[in-house]
There are 2 protein chains.
Amino acid sequence: MPPHPTREQIGLPMVLDCLSDPIRLAIVYQLAQQERGSSELRCGDFSGLGAKSNLAYHFAKLRECGLMQTRVAGTSRFMRLRREDLEARFPGLLDAVINSAARDADRLQLVSECDVVDAD
Amino acid sequence: MPPHPTREQIGLPMVLDCLSDPIRLAIVYQLAQQERGSSELRCGDFSGLGAKSNLAYHFAKLRECGLMQTRVAGTSRFMRLRREDLEARFPGLLDAVINSAARDADRLQLVSECDVVDAD
DNA sequence: TCCTATGTTCAATGTTTATTGAACTATTGT
DNA sequence: ACAATAGTTCAATAAACATTGAACATAGGA
């Protein structure tokens, strides 16, 4: 498991590059939807976005750039957005991206909150 | 000269990808600094950022993704940010990126407003 | 008309990136 | 101990990307 960067190590170009990939943007978007609930999702919750190994690749990038944090629990990994760190480093950026993504939810292939929740 | 996209054609992943490159981010940043003045800069004003042909490559990407508009005047090209279009599509995004870049101006190799203005 | 200045386009190069399937690790439950 | 589950890592591949220098196009001034 690659190490998470500290708050100060989070860099703007890396974050923007991470968010520019449609799959990673969808992951971040789903994590943002989840913030009103447990704030966490498991890797398996994103299986609609592609093959497992490809998702693991994107998860690693999202961790390495500081966008999300991973917590290991048994055989599962629980992930959440590093909202506080991102807000401290780049105020308003994450919300602007997520709101913009929500506006284009149909154009991007973003899953709505309901679709995520009914996986149970 | 590649065509500019219409406002509705501007896509979030493309915009974020454009902004994730340090050279393009520096170009956008300098254009933003200029918005209190003429709002425009010529290609040559960015010669500190690299070779001409490489800059032309980045200019094209910035045009094609809808971040900036080019106006031809004689042998020069004048460029400005498409702030209104971007604000309409992705409210708050451009400002959040520019403010974040300003915070990290030393970490990124961004030129300050004074350095740009004294080119006259 | 010729020279210069301003940019773009092209071809070539090396790097990074996204994607896939197979192999692997580790944890849980029986 | 065995099998199933959840993810990661690896090797390979194809596509996209950034960078460079040379060639090209075009407008303006002597």
Side-chain angles (χ1 to χ4, degrees), chain A residues 1-4 11-28 30-31 38 40-65 67-80 108-109 116 119-120, chain B residues 1-4 11-28 30-31 38 40-65 67-80 108-109 116 119-120:
Chain A
M1 171 127 58
H4 297 75
L12 183 58
M14 279 193 166
V15 166
L16 293 173
D17 184 52
C18 251
L19 292 169
S20 75
D21 181 276
I23 290 184
R24 291 192 293 262
L25 183 59
I27 293 169
V28 167
Q30 289 190 209
L31 285 173
S38 65
E40 288 182 317
L41 284 175
R42 289 173 312 163
C43 298
D45 294 327
F46 301 93
S47 56
L49 296 174
K52 267 181 12 171
S53 68
N54 191 27
L55 289 178
Y57 164 75
H58 289 300
F59 293 150
K61 296 218 98 175
L62 287 164
R63 271 196 308 266
E64 289 163 16
C65 88
L67 269 167
M68 69 181 206
Q69 196 167 27
T70 301
R71 176 175 68 88
V72 179
T75 168
S76 291
R77 263 82 167 165
F78 287 91
M79 312 188 290
R80 63 172 181 81
L108 317 163
Q109 339 141 275
V116 176
D120 193 23
Chain B
M1 170 128 57
H4 298 76
L12 183 57
M14 279 193 168
V15 165
L16 293 174
D17 184 53
C18 251
L19 293 169
S20 75
D21 181 275
I23 290 184
R24 291 193 292 261
L25 184 58
I27 293 169
V28 167
Q30 289 188 208
L31 285 173
S38 65
E40 288 183 317
L41 284 175
R42 287 174 315 161
C43 298
D45 294 326
F46 301 93
S47 56
L49 296 175
K52 268 184 4 175
S53 67
N54 193 25
L55 289 179
Y57 165 75
H58 288 300
F59 293 150
K61 295 218 99 177
L62 286 165
R63 271 196 308 267
E64 289 163 14
C65 88
L67 268 166
M68 69 181 207
Q69 195 167 28
T70 300
R71 175 175 68 87
V72 179
T75 169
S76 291
R77 261 84 168 167
F78 287 92
M79 310 187 292
R80 63 172 180 81
L108 316 164
Q109 338 142 274
V116 176
D120 197 22

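Just so we're on the same page: letters track the sequence lines, and every chain starts at 1. For clarity, every value in this text was computed on a predicted model and none was experimentally measured.
- Comparing Ala56(B) and Leu55(A) by the nucleotide of DNA chain C that holds the closest heavy atom to each, the one mapping nearer the 5' end is Ala56(B).
- When rounded to the nearest whole Å, the span between CZ of Arg77(A) and P of dT25(C) equals 14 Å.
- Of all nucleotides listed (dA18(C), dT26(D), dA18(D)), dT26(D) comes nearest to the side chain of Thr75(B).
- Contact record, Arg80(B) with Leu31(B): CA-CD2, 4.3 Å, taken as the closest heavy-atom pair.
- Leu108(B) has its side chain within reach of Pro13(A): a pair of non-hydrogen atoms, C-beta onward, lies under 4.5 Å apart.
- Taking 4.0 angstrom as the limit, His58(A) places none of its side-chain polar atoms (N or O) nearer than this to OP1 or OP2 of dT17(C).
- We find that CZ of Arg42(A) is positioned 13 Å from P of dT8(D), with the value rounded to whole Å.
- Taking atom CG on Leu16(B) and atom P on dC17(D), their separation rounds to 14 Å, with Å as the unit.
- For the pair Arg24(B) and Cys18(B), the tightest heavy-atom approach, listed with the atom from each and the gap, is NE-O, 2.9 Å.
- Remark: P of dG21(C) and OH of Tyr57(A) are 17 Å apart, rounded to the nearest angstrom.
- Protein atom CG of Leu49(B) is 16 Å distant from nucleotide atom C1' of dT20(D), rounded to whole Å.
- The shortest side-chain heavy-atom distance between Leu49(A) and Asn54(A) does not fall under the 4.5 Å cut-off.
- Listed candidates were dT8(C), dT19(C), dT20(D). Nearest to the side chain of Asn54(B) is dT20(D).
- For the pair Arg71(A) CZ and dA6(D) P, the computed distance is 16 Å after rounding to whole Å.
- For the OP1/OP2 pair of dG7(D) and a distance below 4.0 Å, the side-chain nitrogens and oxygens of Ser53(A) include no atom meeting the criterion.
- Here dA18(C) presents its P atom at 14 Å from CZ of Phe59(A), a figure rounded to the nearest Å.
- Side-chain proximity of Ile23(B) to the nucleotides dA22(C), dT19(D), dG7(C) is greatest for dT19(D).
- Nearest approach of Met68(B) to Phe59(B), heavy atoms of both residues: CE-O, 3.6 Å.
- Distance, Lys61(B) NZ to dA16(D) P: 10 Å, rounded to whole Å.
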